[in-house]
Amino acid sequence: MPDIFQILTEAKIREWQNRPDNANSASPPAQFQQNSSFEKQLLDEILTLTTSAKSADEDTSERNLATAKNLELQLMVILEKQGLNLTARRIAEEINELRSPLGQNAQKDVGPK
C-alpha cells in the first residue's frame with residue numbers, strides 16, 4: 001500500500017503538470033536591487049553614507065560614519081568568509097581613501113623620508 005505522503009506528492013505533481021502553459025512560467029523573485037549582490041548593496045550604502053557625511057552637520061556626519069563603519073565591518077567579514085581577502089583589502093583601501101578627506105583614518109608618516 002502506498003504511503004499517504006507519496007499519494008499527495010503525486011497528486012500535486014499531476015496538478016502542476018495539468019496547469020495551463022502560462023501558469024508554468026514562474027516570474028523571477030522580487031529583489032531589492034535587480035542584478036545586485038548583497039555585497040554590492042552593502043558597498044553602495046557605505047559609499048553613500050560616507051559621501052553624505054561630508055555635507056551633513058556634525059551629529060548627522062558622526063552617525064553616518066558610524067553606520068558606514070559597521071556596514072564596512074559586515075562587508076569585510078562576508079568577503080573574507082568567501083575567501084576574497086584581496087578584494088576585501090582593496091575595498092577597504094577605497095573606502096579609506098574616500099574617508100580620508102574627512103579626517104577619518106588619516107595615516108601619519110612616522111618613518112624617515
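Just the heavy atoms: all of them, side chains too, but no hydrogens, waters or symmetry mates, feed the values below. From a predicted model like this one, the values you see are computed outputs, not experimental measurements. Starting from 1, each residue takes its place in the sequence as its number.
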Query raised in the report: Does a side chain donor of either T67 or N70 reach within less than 3.5 Å of an acceptor in the other side chain?
Result: no
Looking at [Y], is its backbone amide N or carbonyl O close enough to the side chain of [X] to form a donor-acceptor pair, meaning the two atoms are under 3.5 Å apart?
X	Y	value
S100	E97	yes
T51	L47	yes
S52	L49	yes

Between [X] and [Y], is there a side-chain N and carboxylate O pair less than 4.0 Å apart?
X	Y	value
D44	K40	yes
R89	E93	no
R99	E72	yes

Query raised in the report: Residues two or more places apart in sequence or in another chain: which of them pass side-chain hydrogen bond (donor to acceptor under 3.5 Å, both in side chains) with E45?
Result: none
What closest approach, in Å, do [X] and [Y] show between heavy atoms, and which atom pair accounts for it?
X	Y	value
T50	A68	OG1-CB, 3.7 Å
E80	A88	CG-CB, 4.1 Å
A56	S61	CB-N, 4.0 Å

Query raised in the report: Stepwise, does the side chain to side chain contact (heavy atoms under 4.5 Å, CB included) test hold for L75 with Q41?
Result: CA-CA 10 Å; L75 179 60; Q41 292 175 23; over 6 Å; no
Query raised in the report: Mind checking what makes side chain to side chain contact (heavy atoms under 4.5 Å, CB included) contact with I78, not counting sequence neighbours?
Result: F38, E39, L42, Q82
Report task. Tell me, with the steps shown, if I46 and K69 meet side chain to side chain contact (heavy atoms under 4.5 Å, CB included). Result -> CA-CA 8 Å; I46 292 165; K69 194 69 175 168; over 6 Å; no
Just how far is it from atom [atom1] of [X] to atom [atom2] of [Y], taken to the nearest 0.5 Å?
X	Y	atom1	atom2	result
L84	I91	CG	CD1	8.5 Å
D57	N64	CG	CG	9.0 Å
L43	L79	CG	CG	9.0 Å

